[in-house]
Amino acid sequence: MEVFTVKDLAKIIKQKRLSMGLTQSDASALCNVGVRFFSELENGKATLQIDKVLKVANFFGIKIIAE
């Protein structure tokens, strides 16, 4: 799936989390980020720290490729 917006990435992360049966609290702990950050990520907040976004994407096996 191609990602064109922050909302696109948020949707993918939420789908991955739900498919694993994790709550936001569980997922944030496993990714070593705060629950608030995780919630804001899934809601598509555009001003999040990229290093944390990449950490979460990596945990869920989401590859981000720049061309």
Side-chain angles (χ1 to χ4, degrees):
M1 172 181 215
E2 290 186 89
V3 174
F4 295 101
T5 67
V6 175
K7 295 264 187 202
D8 293 341
L9 182 57
K11 183 177 177 181
I12 294 168
I13 290 171
K14 185 173 185 175
Q15 288 173 342
K16 291 276 191 175
R17 175 181 65 79
L18 293 174
S19 73
M20 294 174 74
L22 298 172
T23 64
Q24 284 185 341
S25 181
D26 294 336
S28 66
L30 290 167
C31 294
N32 198 28
V33 298
V35 177
R36 180 178 173 185
F37 171 86
F38 203 92
S39 175
E40 290 174 343
L41 175 59
E42 283 195 352
N43 285 302
K45 184 176 180 185
T47 58
L48 296 174
Q49 292 179 336
I50 190 68
D51 61 328
K52 290 182 180 180
V53 173
L54 294 173
K55 185 188 298 189
V56 172
N58 186 54
F59 173 82
F60 286 106
I62 299 166
K63 293 182 182 181
I64 299 177
I65 301 167
E67 291 185 4

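All residue numbers refer to positions in the sequence shown, counting from 1.
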Heavy-atom donor-acceptor pair, Asp26 side chain to Leu22 backbone, under 3.5 Å: no
Residue pair Phe38 / Ile13, side-chain heavy-atom distance below 4.5 Å: yes
Working for side chain to side chain contact (heavy atoms under 4.5 Å, CB included), residues Phe37 and Val53: CA-CA 9 Å; Phe37 171 86; Val53 173; 4.0 Å; yes
Rounded distance (nearest 0.5 Å) linking atom CE of Met1 with atom CD of Gln15: 6.5 Å
Shortest non-hydrogen contact from Gly44 toward Ala10: N-CB, 3.8 Å
Interatomic distance, Lys45 atom NZ to Arg36 atom CZ [nearest 0.5 angstrom]: 6.0 Å
Val6 with Phe59, same ILVMFWY side-chain cluster at under 4.5 Å: no
Nearest-0.5 Å distance, CD of residue Glu42 to NZ of residue Lys16: 13.5 Å
Interatomic distance, Met20 atom CE to Leu30 atom CG [nearest 0.5 angstrom]: 7.5 Å
Minimum-distance pair of heavy atoms, taken over all atoms of Leu9 and Val3: N-CG1, 3.8 Å
Over all atoms of both residues, closest heavy-atom pair of Val35 and Ser25: CG2-CA, 4.0 Å
Side chains of Lys14 and Leu18 in contact at under 4.5 Å (non-hydrogen atoms): yes
Over all atoms of both residues, closest heavy-atom pair of Lys55 and Cys31: CD-O, 2.8 Å
Shared hydrophobic cluster for Ile64 and Ile50 (ILVMFWY, side-chain gaps under 4.5 Å): yes
Separation between CG of Leu54 and CG of Leu48, rounded to the nearest 0.5 Å: 11.5 Å
Ser28 side, atom OG; Arg17 side, atom CZ - distance, nearest 0.5 Å: 9.5 Å
